[in-house]
Structure formats: structure tokens, C-alpha cells
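Taking it in order: structure first as C-alpha cells, then the write-up.
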Amino acid sequence: MPWCQTCEQYLAPATLKELERCPACDNVVDNPKEKTSTERIPWHFWVLVAAAVIYLGWRAIQGVGLLFW
């Protein structure tokens with residue numbers, strides 16, 4: 001969301017003038033969308049997902065086994 005330091009308010013991207021200027025004070029605004037960072041999902045999340053899949057798979061096999069035993 002663009003931020004105008006002079007007006008001290010957030011601006012909608014549609015309200016900005018050309019060259020990313022504030023419509024009220026005509027100053028250049030800070031635009032955090034240019035400062036994007038690529039965040040990766042932590043490795044331990046994938047370990048948790050794999051453990052959950054293995055556990056639920058084993059419980060499904062046990063459940064099917066109970067039906068025929």
C-alpha cells in the first residue's frame with residue numbers, strides 16, 4: 001500500500017497520479033510493493049506435512065483392515 005510521508009496516510013493505488021505522486025500534496029510516495037521479498041516455506045513445515053501424510057495413510061490402511069478382519 002503506498003504511503004505519503006507528508007499527508008501521513010495510506011493511499012489506494014488507483015488514486016495515485018502518474019509517476020506515483022500523492023493527489024493531495026503532489027509528493028512522491030513510498031511504494032512497498034516494489035520492495036517485495038521472496039519468502040520460502042521453512043523446511044520443518046514440509047517435515048510436518050510428510051509426517052502427517054504418513055500417519056494418516058497408515059491410519060487409513062488400519063481402517064480398511066478393520067473392515068475385513
Side-chain angles (χ1 to χ4, degrees):
M1 190 119 240
W3 171 260
C4 180
Q5 290 285 13
T6 307
C7 300
E8 294 184 354
Q9 65 181 0
Y10 287 107
L11 302 167
T15 61
L16 295 177
K17 294 181 180 179
E18 66 281 338
L19 301 176
E20 297 182 353
R21 294 189 171 273
C22 177
C25 63
D26 204 38
N27 287 336
V28 177
V29 297
D30 293 333
N31 195 353
K33 76 176 180 182
E34 294 174 356
K35 302 172 188 172
T36 58
S37 65
T38 56
E39 294 185 25
R40 296 182 55 190
I41 298 174
W43 64 268
H44 51 275
F45 172 76
W46 294 116
V47 171
L48 179 68
V49 169
V53 167
I54 292 169
Y55 172 75
L56 292 174
W58 177 247
R59 296 300 288 183
I61 291 169
Q62 285 181 334
V64 171
L66 284 175
L67 291 175
F68 298 108
W69 188 25

Apart from L67 itself, members of its ILVMFWY cluster (side-chain separation under 4.5 Å) are V64, F68

Apart from L56 itself, members of its ILVMFWY cluster (side-chain separation under 4.5 Å) are Y55

| request: Report whether I41 and L48 are members of the same hydrophobic cluster (ILVMFWY, side-chain heavy atoms less than 4.5 Å apart, transitive linking). | output: no

